[in-house]
Amino acid sequence: MTAAHTQHDPDEQLQAYRRSRRAIAALVAGLPDPAAVGVPACPEWSVRDLVGHLVHICESFVALEDSQIDLVPLEDVPAAALLDRWEGLDEALPAALERTPELRRRILLLDVFSHELDLRQGLGAPVEPTAHPAFDGALDLTTLGFGLAVQGGGLPALRIETPERSWVVGEGDPAATVRGAAVDVFRSLTGRRTRPQIEDLEWSGGPAGRWAEAFAWGPFAPPPAEVEPLAGR
């Protein structure tokens, strides 16, 4: 998991974060009532709630508060006002990124990027996520988190492969390999693929069920019902 520990330039992270913020703002601004539109990947949230969550996370980050990625959305604030508040935080974000530890910077970027994909899928406006500057770092971070769950659960090591890259997570030699399109691997590791969809990835050397518990880690867990199709099928 060496790649997961690679340091990232705060300015590059800032540009990637801004790209997601602006894309989300454009999508939300085009909705008549963001509070009335659901987000399938976050079934308890409306689009307004999703934006409220992202603003809450950004405010906490700028204030250097020790927050978690699953902060509840800000309530009773219209989506347009939330977008304005979020844009206003941009001025303080560069300094916050400079003085914040690498791991927390990457969590911030993972969160906004993941929710941009949630919103795009929910609104029928998907893009190729691997082209986003946040993608590689987000995938490295999720393989690291998943690997800690594999290790913490006493599970055998697992090799993860995409057409472009590979990782070994857990301790020792891998007992099996799971392969899939990069976006399917990423969304499987971040709670956007059901267990049957995870099992529908290409597994060799061992059954997917052996590592099932590790797919629930941090704030993530496989959803009970499908929220989006496998991209590689």
Side-chain angles (χ1 to χ4, degrees), residues 1-8 13 16 41-42 57 60-61 65-71 100-115 117-118 129-130 132 134-224 226-228 230-232:
M1 293 189 292
T2 303
H5 300 284
T6 301
Q7 293 292 307
H8 294 262
Q13 292 173 318
C42 307
I57 288 285
S60 176
F61 185 88
E65 295 174 352
D66 186 17
S67 64
Q68 299 297 317
I69 197 171
D70 56 348
L71 280 174
T100 300
E102 169 74 8
L103 178 59
R104 191 155 182 252
R105 299 200 311 261
R106 295 176 69 187
I107 290 173
L108 175 77
L109 196 52
L110 166 64
D111 188 54
V112 73
F113 174 63
S114 295
H115 286 313
L117 297 187
D118 294 339
T130 59
H132 195 291
F135 183 79
D136 282 347
L139 186 51
D140 280 340
L141 184 57
T142 54
T143 57
L144 174 61
F146 175 73
L148 293 175
V150 168
Q151 185 175 343
L155 300 170
L158 178 68
R159 182 183 301 278
I160 302 171
E161 293 185 352
T162 71
E164 303 82 13
R165 306 175 65 193
S166 68
W167 304 258
V168 173
V169 300
E171 293 288 338
D173 295 329
T177 297
V178 57
R179 300 179 183 87
V183 63
D184 287 324
V185 169
F186 176 66
R187 298 295 269 177
S188 295
L189 296 177
T190 53
R192 272 67 174 184
R193 296 287 188 267
T194 63
R195 295 200 186 280
Q197 285 179 306
I198 292 170
E199 292 171 2
D200 202 31
L201 297 174
E202 184 181 347
W203 289 80
S204 59
R210 192 174 184 184
W211 287 270
E213 66 186 72
F215 283 90
W217 64 276
F220 305 120
E226 186 173 315
V227 299
E228 60 190 63
L230 286 170

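These numbers come from the heavy atoms of this one structure, side chains and all, not from hydrogens, waters or symmetry mates.
- Note that CG of Asp111 is 11.5 Å distant from CZ of Phe61, once rounded to the nearest 0.5 Å.
- Atoms CD and CZ, on Gln13 and Arg106 in that order, are 7.5 Å from each other to the nearest 0.5 Å.
- Residues meeting the salt bridge (Lys or Arg N to Asp or Glu O under 4.0 Å) test with Glu228, sequence neighbours left out: Arg187, Arg193.
- Between Leu109 and Ala134 the shortest heavy-atom distance is CG-CB, 3.8 Å.
- Under the ring pair (Phe, Tyr, Trp, His ring centres under 6.0 Å) criterion, Phe186 pairs with Phe113, Phe135, sequence neighbours left out.
- Closest of all the heavy-atom pairs between Arg159 and Val168 is NH1-CG2, 3.6 Å.
- His115 places a side-chain heavy atom less than 4.5 Å from the side chain of Asp118.
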Hey, can you pull the donor-acceptor pairs under 3.5 Å for the side chains in residues 171-180, sequence neighbours left out?
| unit_1 | atom_1 | unit_2 | atom_2 | d |
| --- | --- | --- | --- | --- |
| Glu171 | OE2 | Gln151 | NE2 | 3.2 |
| Arg179 | NE | Glu161 | OE1 | 2.7 |
| Arg179 | NH1 | Ser204 | OG | 3.2 |

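- Rounded to the nearest 0.5 Å, atoms CD1 (Ile160) and CG (Leu189) are 5.5 Å apart.
- Trp203 places a side-chain heavy atom less than 4.5 Å from the side chain of Trp211.
- Going from atom CZ of Arg165 over to atom CG of Asp140 covers 4.0 Å, rounded to the nearest 0.5 Å.
- Residues Leu230 and Leu201 meet the side-chain proximity criterion, which asks for heavy atoms closer than 4.5 Å.
- The shortest non-hydrogen separation linking Pro223 to Thr194 is O-CG2, 3.4 Å.
- For the atom pair CZ of Arg192 and SG of Cys42, the computed distance is 5.0 Å after rounding to the nearest 0.5 Å.
- The side-chain heavy atoms of Asp184 and Thr162, taken from C-beta on, include no pair separated by under 4.5 Å.
- For the residue pair Leu155 and Ala214, the shortest heavy atom distance occurs at CD1-CB, 3.9 Å.
- Interatomic distance, CZ of Arg195 versus CG of Asp200, reported as 15.0 Å (0.5 Å rounding).
- Residue Val169 comes nearest to Gly147 through the heavy atom pair CB-CA, 3.5 Å, listed as atom of the first residue, atom of the second, then distance.
- The minimum heavy-atom distance linking Ala16 with His132 is given by the pair O-CE1, 3.6 Å.
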